[in-house]
Amino acid sequence: MGAGGHTTNPPLQRKMKNDENLKRVPVTKPPFTLGEVKKAIPPHCFNRSLIRSFSYVIVDLTIASIVAYIATNYFFTLPRNLFLLAWPIYWAIQGCILTGVWVIAHECGHHAFSNYQWVDDLAGLVLHSCLLVPYFSWKYSHRRHHSNTGSLERDEVFVPKKKPQIGWYFKYLDNPLGRFLTLTITLTLGWPLYLAFNVSGRPYDRFASHYDPYGPIYSDRERLQIYISDAGVLAVSYGLYRLISAQGLNWVICVYGIPLLVVNGFLVLITYLQHTHPALPHYDSTEWDWMRGALSTVDRDYGILNKVFHNITDTHVVHHMFSTMPHYHAMEATKAVKPILGEYYHFDGTPIFKAMWREAKECIYVEPDEGSEIKGVYWYKNKL
């Protein structure tokens, strides 16, 4: 009982907030057009500044260089207890900073970095290659993801399975230990497995790999650039080999390898949580259209990391609608479109690790609601 005679019920408030987070987005065709949404956004939000975009690259690389310099020059002078504590702190900080660099390279792939396509591709190729990402290979598959978001047949990444497609082993993983193992493998190996073997990607009628210029992911006009992507990754790999020869394997693992694992883990986590949520539908070919697919994503809150990750986390809905918009205008644009999108806009402020565990538990496969007249709309379920 409060001073004014009012009772408070925090558990009830939390339950209401959770219910709001899990409220399904509408699946009917939106009462607005993409043009109407665009008109709600201030025109300057679509302007790309080469100088401003490069400033973010310079700031991120400067911070990463300073952090690496401190680690390589001063950590070895610390007492053993502080030495063992300092390296995990370095890995976490450097991994987050380099995730921001990864996001800027991703922006280059969307032609959101500058007004010059060659500048975007050159900057993206260099930055992504340094993180062992085949730039053009991923650029083209990611573009198709944006063109087919929410489609069970044509989306490119984190395509959910229908219940009959669930493997026999899933029932043995539907427990806390199984979910922990699944998440651990997904966050550590998910990104390289996706690039190399298309794991969790769209099924093709033959082997698909981001390193294969003649794979089914790419068209004939794209194959030369896949070779360039492979060359970029090979060049950086050779540089790492020479660095190992000069500094030793342990040095390279500590300074570069483990932060790269953090980058890969965040990349998978961010993408997974953007497209996996109990409130988000998926569509088969009878119901899917681009607009509803683009709205079948969710903004999340990573706290201070929103800024470190250049707001790719909390402006993803508007990014799917206008992917050439630079990240530094996305927050303003998101605020502008919310009144237009209404219930079609979804934000979930659940703490990230809690959300990750919830989605791993609740989002196992998709199927239409039982008794629903609309058979082409699929929702996440977990009853095995």
Side-chain angles (χ1 to χ4, degrees), residues 44-75 89-136 138-139 142 228-229 231-233 235-237 239-240 243 247 252 254-267 270 302-316 318-319 322-333:
H44 72 264
C45 289
F46 296 95
N47 296 338
R48 295 164 292 198
S49 167
L50 179 63
I51 294 175
R52 187 170 181 181
S53 293
F54 262 118
S55 72
Y56 288 97
V57 177
I58 293 170
V59 168
D60 281 357
L61 294 182
T62 299
I63 296 173
S65 299
I66 292 172
V67 173
Y69 179 83
I70 293 172
T72 54
N73 286 275
Y74 295 101
F75 281 11
I89 295 175
Y90 165 79
W91 296 331
I93 294 175
Q94 190 72 300
C96 290
I97 298 301
L98 294 180
T99 300
V101 174
W102 196 103
V103 171
I104 294 175
H106 152 269
E107 192 149 284
C108 292
H110 281 293
H111 193 23
F113 187 79
S114 76
N115 293 325
Y116 309 99
Q117 184 68 64
W118 71 270
V119 172
D120 289 23
D121 284 341
L122 181 59
L125 177 64
V126 171
L127 294 175
H128 260 170
S129 295
C130 288
L131 297 172
L132 299 183
V133 178
Y135 169 73
F136 288 108
W138 183 81
K139 169 185 172 178
H142 188 64
I228 295 173
S229 298
V233 173
V236 173
S237 298
L240 290 172
L243 196 58
Q247 298 287 350
V252 173
C254 287
V255 176
Y256 174 84
I258 297 180
L260 185 64
L261 286 178
V262 175
V263 174
N264 293 347
F266 268 124
L267 168 61
I270 290 168
Y302 285 66
I304 192 174
L305 292 180
N306 290 330
K307 290 297 181 185
V308 179
F309 297 160
H310 303 301
N311 297 107
I312 196 175
T313 47
D314 54 345
T315 62
H316 194 67
V318 79
H319 169 67
F322 306 102
S323 59
T324 59
M325 179 186 295
H327 68 86
Y328 41 82
H329 292 315
M331 286 296 291
E332 183 179 358

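Starting from 1, each residue takes its place in the sequence as its number. Both backbone and side-chain heavy atoms feed into the values below; hydrogens, waters and symmetry mates do not.
Screening residues 118-130 for side-chain hydrogen bond (donor to acceptor under 3.5 Å, both in side chains), with sequence neighbours left out, gives H111-D120, S114-D120, Q117-D121, D121-Y135, D121-K139. Residue pairs meeting the salt bridge (charged side-chain N to carboxylate O under 4.0 Å, His left out) criterion with at least one member in residues 92-111: none, sequence neighbours excluded.
Within the 4.5 Å cutoff, the side chain of V101 has no heavy atoms near those of the I104 side chain. Here the side chains of S53 and V57 are not in contact, with every heavy-atom distance at 4.5 Å or above. The shortest distance between side-chain heavy atoms of T72 and V255 falls below 4.5 Å. The shortest distance between side-chain heavy atoms of V233 and V133 does not fall below 4.5 Å.
T99 pairs by the side-chain hydrogen bond (donor to acceptor under 3.5 Å, both in side chains) definition with nothing, not counting sequence neighbours. Under the rule for a side-chain hydrogen bond (donor to acceptor under 3.5 Å, both in side chains), T315 has no partner lying at least two apart in sequence or in another chain. A search for ring pair (Phe, Tyr, Trp, His ring centres under 6.0 Å) contacts involving H329 returns H44, not counting sequence neighbours. Residues forming a side-chain contact (heavy atoms from CB on, under 4.5 Å) with S65 (at least two apart in sequence, or on another chain): none. Taking V67 as the reference, I63, Y90, I93, Q94 meet the side-chain contact (heavy atoms from CB on, under 4.5 Å) condition, with sequence neighbours excluded. Listed by chain and number, the residues in a side-chain contact (heavy atoms from CB on, under 4.5 Å) with L240 are L132, V236, V252, Y256 (sequence neighbours excluded). Scored by the ring pair (Phe, Tyr, Trp, His ring centres under 6.0 Å) test, F75 finds W87 as partners (sequence neighbours excluded). Qualifying ring pair (Phe, Tyr, Trp, His ring centres under 6.0 Å) partners for F266, counting only residues two or more places apart in sequence or in other chains: F309. Applying the side-chain contact (heavy atoms from CB on, under 4.5 Å) rule to I258 yields the partners W91, I253; only residues at least two apart in sequence or on another chain are considered. Residues passing the ring pair (Phe, Tyr, Trp, His ring centres under 6.0 Å) test with F54 are F113, sequence neighbours excluded.
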Between H110 and M325, is a side-chain contact (heavy atoms from CB on, under 4.5 Å) present by the stated rule, with each step listed? CA-CA 9 Å; H110 281 293; M325 179 186 295; over 6 Å; no
Verify side-chain contact (heavy atoms from CB on, under 4.5 Å) between L125 and I228, making sure each step is shown before the conclusion. CA-CA 9 Å; L125 177 64; I228 295 173; 3.9 Å; yes
Start with the C-alpha gap between H327 and H319, add the side-chain angles, then the distance that decides, and say whether ring pair (Phe, Tyr, Trp, His ring centres under 6.0 Å) holds. CA-CA 8 Å; H327 68 86; H319 169 67; over 10 Å; no
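Here T62 contributes atom OG1 and I97 contributes atom CD1; the two are 11.0 Å apart, rounded to the nearest 0.5 Å. One distance of note links OH of Y302 with CG of N306; it measures 9.0 Å at 0.5 Å rounding. For the atom pair D60 CG and C96 SG, the distance stands at 11.5 Å (nearest 0.5 Å).
Summarising the geometry of C108 relative to A123, their closest heavy-atom pair is SG-CB, 3.9 Å, with the distance given to 0.1 Å. The minimum heavy-atom distance between G124 and A105, with the atom names listed, is O-CB, 4.2 Å. Of all the heavy atoms in A333 and V318, the pair that sits closest is CB-CG2, 4.0 Å. Annotation for C45 and P326: closest pair O-CD, 3.7 Å, computed over non-hydrogen atoms.
Checked by atom type, the side-chain pair S49/Y328 shows no donor-acceptor distance below 3.5 Å.
The six-membered or imidazole ring of H310 lies away from that of H106, with a centre-to-centre distance of 6.0 Å or more.
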